[in-house]
Amino acid sequence: MGKEKLHKQPSVRLIESLKMERMRNILTHRYPYPHEHSRHFMIAVFACWVFFISSDNLQNLIMKLDKNFKWWSMYACLIGFFYFFSSPFIRKTIKPNYSNFNRWYIAWIFLAALYHLPSFQSMGLDLKMNLSLFLTIYISSLIFLMVFHIIFLGLWYLGLVSRMAEKKPEPLTIIQNCAVISIACCVFYSHCGNRTVTRDKSIDRRTASWIAFSLWTKHDDNTLISRLLRMHKFKEQICSSWFAPVGSASDYPLLSKWAIYGELSSNGSGSSNEISPVYSLWATFIGLYIANYVVERSTGWALTHPLTISEYEKLKKQLKPDFEDMVPWYSGTSTDLFKTVFDLMISVTLFVGRFDMRMMQAAMNKTPDEANSHDLLYDHLDEKDELWFDFIADTGDGGNSTYAVARLLAQPSLVIKSDDSRLTFPRGQLLLIGGDLAYPNPSSFSYERRFFCPFEYALQPPAWYKPEHIALEKPELPLGVSELRRYRGPQCFMIPGNHDWFDGLHTFMRYICHKSWLGGWFLPQKKSYFALKLPNGWWIFGLDQALHGDIDVYQFKFFAELCRQKEYLRGRCKLRMAGDLHHYMRHSCVEAKEPVHVQHLLVNGCGGAFLHPTHVFENFRVFYGNKYETKSTYPSYNDSSKIALGNILKFRRKNWQFDVIGGFVYFILVFSMFPQCDSFRILHEDSWAGRVNGFFVAMWNAIFEILERSYVSLAGVVTLLMVSFFFVPTKLSRRRRALLGFLHAAAHITSAVLLMLLMELAIEICIRNHLLATSGYHTLYEWYRKVESEHFPDPTGLRARLEHWTFGLYPACIKYLMSAFDVPEVMAVTRSTICRKGIESLPRGGAIIYYVCVFLYFWVLSTPVVSLVFGSYLYVCINWFHIHFDEAFSSLRIANYKAFTRFHIKKNGDLEVFTLAVDKVPKDWMLDPDWDMEPKQPFQMSYTRKFPSKWRSASGLDPINAVHIIDRFVIPRTPPSPTTPGGSVR
């Protein structure tokens with residue numbers, strides 16, 4: 001009975017905790033009302049729109065396809081360029097502001113281009129009218145809902161509505177709902193118009209619906225034409241019965257002055273007294289939105305819909321970690337990267353040149369004898385019989401990759417299949433991190449979000465840990481632990497890398513040397529360099545080489561004094577571990593002509609940063625005059641070479657923020673070449689061969705014109721040539737750098753000129769066919785006001801009253817919003833003026849407007865091309881010349897191929913070295929049910945738990961199941977000589 005009670009207590013506590021959590025969520029958590037209906041409704045509206053267009057006009061499209069081949073080709077090119085521009089944002093979240101901006105930008109200029117092109121009437125779609133109507137309804141809806149929300153918040157402030165209304169509406173939700181309402185009204189107008197319908201009152205909606213379905217199911221003929229006719233009649237029945245007007249204005253006397261009226265049908269006469277069906281549909285949607293919002297906030301959606309235990313468990317399964325993405329190294333919008341460049345210049349010229357933090361650390365040392373200083377020398381691990389410890393480097397880039405490695409490091413043990421056996425690797429009691437803790441620069445944000453956050457998820461810090469706490473006297477041991485030697489949990493020591501030095505080591509000192517915990521790893525370290533005495537005569541020296549790859553005089557003095565006091569350290573370095581290169585490679589000495597300073601060279605920078613190639617280092621064979629042989633690489637040379645191909649195929653998809661730089665550069669290169677007034681002469685040739693030849697002749701003429709007459713474009717060309725030359729690494733000779741830089745710049749210049757001519761040729765074709773440059777500015781608004789008065793009667797003067805009450809703001813907003821969709825017309829009209837009278841005839845404002853309009857479209861054309869050219873350059877350089885390995889692979893932002901090295905000092909003194917790797921890093925994580933269900937005591941240390949990590953892979957193999965051995969070797973213990981006390985030392 002006692003045992004049964006003991007088993008029931010944990011489950012009872014669990015239920016009670018869930019109930020308390022449930023009550024806490026009900027009372028305090030504000031439940032967001034689901035707005036999925038907006039997305040579903042938009043999909044339904046779009047599907048109906050496509051269905052009716054295809055059914056009504058399929059025959060016309062087939063018949064007119066041959067006559068409109070030229071324009072359909074232009075549509076295909078236009079859509080193709082816009083697709084390549086927007087492809088990086090497909091299936092992306094809208095969280096990044098730049099990505100969200102590009103979606104709206106591409107929709108804007110794409111619609112502006114489409115409504116000036118022909119053949120949409122053959123599809124039954126008056127795009128100009130629909131676009132104008134959309135903007136009018138959108139502005140009206142936005143103003144109306146903003147006024148409503150202001151009034152509602154005022155009522156909440158006065159206490160006239162419940163406390164659930166405290167939460168302010170999200171602007172994005174309001175914008176989305178206004179867009180959905182506007183699209184629905186435009187689709188209705190496209191198919192049903194704004195005509196009032198005079199029908200027999202005796203035929204009710206049920207009868208009309210029956211008639212509609214009888215028309216749909218009637219079998220007259222099986223020919224395509226008859227089917228299309230029946231479909232057309234079916235659509236008419238839907239418009240006349242299902243979406244008929246709600247009635248005449250006389251039925252609603254209070255609303256008669258606040259309504260828009262419909263136009264009469266063809267069988268009617270006189271003025272219409274029926275309310276517009278489009279207006280009634282808009283009013284219905286607005287009313288539904290307001291009713292939904294009022295009911296939700298006033299009655300308390302959360303209080304009437306509490307979470308059940310099953311819903312709470314389901315909600316927990318949907319939890320996701322808030323990891324940072326890989327650093328966008330080619331971002332033109334990231335302030336972090338500009339700050340990194342600035343910090344690097346300051347660090348090189350000031351901190352390392354005149355003020356060195358390492359000297360400050362030495363000056364603050366309390367022990368005169370540095371070789372015995374407990375701030376630098378740690379010997380609390382030397383009495384163990386054996387020791388497992390780990391090494392990683394270059395962490396803190398993407399959250400997924402860093403957490404994948406940290407999750408493996410945190411496990412109590414890893415069981416890995418090797419050949420026909422299964423090996424068990426206990427967790428390392430010591431973790432060594434070889435620098436570059438966070439990217440792109442050392443800051444509070446990068447250290448906390450990119451470095452500490454993944455490690456804290458993998459192995460939680462103690463319950464009493466506070467992130468803001470600063471450790472003044474280290475080590476700050478847990479309660480009950482008298483000295484560091486008695487602490488049984490994992491510990492961590494680390495050295496700074498070049499990225500940690502960008503701010504003069506300030507962030508490293510604050511977050512590493514003055515904090516006590518990295519997640520569940522204890523941090524005894526006080527300085528940026530240290531020496532560790534390990535069991536069986538092994539030593540570890542952690543060197544701080546700052547930005548110049550060298551140690552300072554005080555650091556040299558410490559390690560030299562340590563070697564002098566302990567004779568057996570001299571000349572016995574068996575293994576050198578390093579990071580900085582984000583791959584794994586091991587070289588071993590095979591032929592020694594000089595004294596062997598290092599027997600094994602091991603590079604493992606796979607701790608979380610983007611992947612570096614290995615095939616560019618396949619010729620490394622000599623180090624300090626001795627020959628070395630490559631023993632292991634990860635990834636392999638062949639895989640590394642294939643991965644580099646991604647620069648051609650994926651550069652822009654991975655680095656869409658590069659658009660800001662690339663598009664601006666291309667525009668500057670051809671700025672002086674706009675407009676090309678005689679570009680149409682290219683099409684005067686009779687044959688396609690002559691046209692192609694004329695096109696390339698025009699290209700060369702434009703390039704020579706840049707060199708001979710232009711100023712802005714010539715400055716851009718010269719700057720590009722200089723940047724291309726200095727961008728080539730100095731390992732090549734000056735002649736090769738000049739040749740490679742020239743070819744790189746020439747490819748960009750040629751591409752920019754080619755795109756400029758294509759754009760100018762397309763504009764000239766539209767002008768010659770009277771599609772552009774036919775009217776002037778504000779043509780869309782002026783046309784719409786004329787059509788609006790004909791098809792949307794306003795006998796009560798509602799529009800005039802709105803204009804008066806808003807002080808002209810209502811029509812002004814619509815006017816200038818519509819002018820934004822007149823960009824091609826404005827560009828063409830101004831271009832024609834320049835070609836007739838010259839650029840000098842334009843005022844400064846007119847010239848600025850012209851070049852802004854040109855830039856808006858040229859940016860879309862140029863950004864995919866500049867990324868393609870630059871990515872191809874990187875691919876050629878890394879695979880043919882073995883240069884630009886950093887630039888070529890940082891662009892790919894590869895989170896896969898992550899690894900760490902686990903060491904084992906055996907009881908006999910031999911050192912076993914295992915490198916464990918994960919080929920593919922998960923992108924999606926979920927709450928680990930084992931971690932969630934494991935009982936947790938209030939002050940239990942996380943390293944004692946069986947399941948210490950919070951998240952596991954939500955799809956595919958988890959890193960624990962996918963980890964495998966990529967390298968394994970043993971460094972045997974060197975037998976002690978009679979003159980060296982203590983045995984072998986490395």
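Given the structure is predicted, the values throughout are model-derived calculations rather than measurements.
- Atom CG of residue Leu842 and atom OG1 of residue Thr830 lie 6.5 Å apart, to the nearest 0.5 angstrom.
- In this structure, the side chains of Lys654 and Met326 stay at 4.5 Å or more apart for every pair of heavy atoms.
- For residues 744-758, the set of pairs meeting the side chain to side chain donor-acceptor pair (under 3.5 Å) definition, not counting sequence neighbours, comprises Tyr666-His748, His744-His748.
- Contact detail for Leu757 and Ala698: the closest heavy-atom pair is CD1-C, 3.8 Å.
- Taking the salt bridge (Lys or Arg N to Asp or Glu O under 4.0 Å) definition, one finds that Arg737 meets it with nothing, sequence neighbours left out.
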- Walk me through it: do Ile109 and Val823 pass the test side chain to side chain contact (heavy atoms under 4.5 Å, CB included)? CA-CA 8 Å; Ile109 60 174; Val823 171; 5.8 Å; no
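- Between the CZ atom of Phe144 and the CD1 atom of Ile181 there is a distance of 10.0 Å, given to the nearest 0.5 Å.
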- Message: side chain to side chain donor-acceptor pair (under 3.5 Å), that's the test. Do Ser141 and Trp282 meet it? Break it down for me.
- Response: CA-CA 9 Å; Ser141 304; Trp282 173 81; 2.7 Å; yes
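- For the ring-ring contact (aromatic ring centres under 6.0 Å, His included) criterion with Phe651, the lone passing option out of Tyr873, Phe870, Tyr875 is Phe870.
- Taking each heavy atom of Val869 and Ala747 in turn, the nearest pair found is CG1-CB, 3.8 Å.
- Atom OG of Ser724 and atom CG of Leu740 lie 9.0 Å apart (nearest 0.5 Å).
- Rounded to the nearest 0.5 Å, atoms CG (Leu874) and CG (Leu892) are 8.5 Å apart.
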- Task: Kindly determine whether Thr863 and Trp656 satisfy side chain to side chain contact (heavy atoms under 4.5 Å, CB included), including the steps that lead there.
- Result: CA-CA 9 Å; Thr863 47; Trp656 44 265; over 6 Å; no
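- Arg709 pairs by the salt bridge (Lys or Arg N to Asp or Glu O under 4.0 Å) definition with nothing, not counting sequence neighbours.
- Taking 4.5 Å as the limit, some side-chain heavy atom of Arg893 sits within range of a side-chain heavy atom of Asp325.
- Put simply, the side chain of Tyr189 never gets that close to the backbone of Pro277: no donor and acceptor are under 3.5 Å apart.
- Met827 pairs with exactly one of Asp822, Val854, Leu856, Ile849 by the side chain to side chain contact (heavy atoms under 4.5 Å, CB included) rule, that one being Val854.
- Applying the side chain to side chain donor-acceptor pair (under 3.5 Å) rule to pairs touching residues 833-855 yields nothing, sequence neighbours excluded.
- Evaluation of the side chain to side chain donor-acceptor pair (under 3.5 Å) test over residues 690-699, restricted to residues two or more places apart or in two chains, returns none.
- Contacts of Tyr138 classified as ring pair (Phe, Tyr, Trp, His ring centres under 6.0 Å), with partners at least two apart in sequence or in another chain: Phe134.
- With hydrogens and angles disregarded, no donor-acceptor distance shorter than 3.5 Å links the side chain of Arg652 to the backbone of Ser867.
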- Task: Determine, stepwise, if the pair Ile767 / Ser832 fulfils side chain to side chain contact (heavy atoms under 4.5 Å, CB included).
- Result: CA-CA 9 Å; Ile767 293 176; Ser832 300; 4.0 Å; yes
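- In this structure, Ile878 CD1 and Leu645 CG are separated by 11.5 Å, a value rounded to the nearest 0.5 Å.
- When all heavy atoms of Val717 and Leu669 are compared, the closest pair comes out as N-CD2, 3.7 Å.
- Across every non-hydrogen atom of Ile682 and Phe695, the tightest pair is CG2-N, 3.8 Å.
- Under the 3.5 Å distance criterion, with hydrogens and angles disregarded, a donor-acceptor pair is assigned to the side chains of Ser891 and Asn647.
- Exactly one residue among Phe671, Phe674, Phe664, Phe667 makes a ring-ring contact (aromatic ring centres under 6.0 Å, His included) with Phe855. That residue is Phe667.
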- Please step through side chain to side chain contact (heavy atoms under 4.5 Å, CB included) for the pair Val753 and Met673, ending with a clear verdict. CA-CA 9 Å; Val753 173; Met673 296 296 101; 5.9 Å; no
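- Of the possible polar contacts, one joining the Ser679 side chain to the Gln676 backbone as a donor-acceptor pair under 3.5 Å is found.
- The closest side-chain heavy-atom distance from Glu760 to Pro675 is below 4.5 Å.
- Residues Gly663 and Trp859 approach most closely at CA-CD1, 3.3 Å, considering heavy atoms.
- Here the shortest heavy-atom pairing between Cys178 and Ser182 reads O-OG, 2.8 Å.
- Looking at Ile661 and Tyr330, their side chains never come closer than 4.5 Å, going by heavy atoms from C-beta outward.
- Atom CZ of Phe727 is separated from atom CG of Leu720 by 11.5 Å, given to the nearest 0.5 angstrom.
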